[in-house]
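A short write-up of the structure that comes next.
Indexing begins at 1, ligand by ligand and atom by atom, following the structure's order. Small disclaimer: the values here were computed from a predicted structure and weren't measured.
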Amino acid sequence: MTTQLTAGQRALLEAELIRRQGELDRQLADHQGGLSRVEHARELLAQDSDDVSQREAEREMDMELSDRDIAGLGAVSAALLRLKEGRYGLCGDCGEAIAFDRLKAEPWALRCVGCEGRRERAAL
Ligand SMILES: [Zn+2]
């Protein structure tokens, strides 16, 4: 049986989300070095290299890293919005409160352990 979060637990999770948001923001900024993704790709293409496949691989890795950061940032922002709107901590599938232990590990979690497990099994 899960219960709603206490004010203290919410404050702790909010602080963690904000910390995480700042971290991802920095990572993305570092990563792209102030360039937009298109410019970044163009710059890499413009660099003359004999080892094209190496460049390709590096470029792909670059993109993947950014995509992951962007997705992470989106999940964190969405969680902060849910907090603000008072919808935070409820499972998107069954509507039950998500356990605090789970939120502590993954403050942006959208579903309770049970529903997440069901989804993972369904995806296999
Ligand atoms: Zn659920």
Side chain to side chain donor-acceptor pair (under 3.5 Å) partners for R19, two or more places apart:
E16, E23

Please list, chain by chain and in numerical order, all residues satisfying salt bridge (Lys or Arg N to Asp or Glu O under 4.0 Å) with R82, sequence neighbours excluded.
none

In plain terms, say whether R118 and D93 are close enough for a salt bridge, that is, a side-chain N and a carboxylate O under 4.0 Å apart.
no

Looking at residues at least two apart in the chain, or sitting in another chain, which of them share a salt bridge (Lys or Arg N to Asp or Glu O under 4.0 Å) with E120?
none

Between L80 and E14, is there a side-chain heavy-atom distance shorter than 4.5 Å?
yes

Between C112 and R102, is any pair of side-chain heavy atoms under 4.5 Å apart?
no

Mind listing the protein N/O/S atoms less than 2.8 Å away from the Zn ion (ligand 1)? Waters don't count.
C91 SG, C94 SG, C112 SG, C115 SG

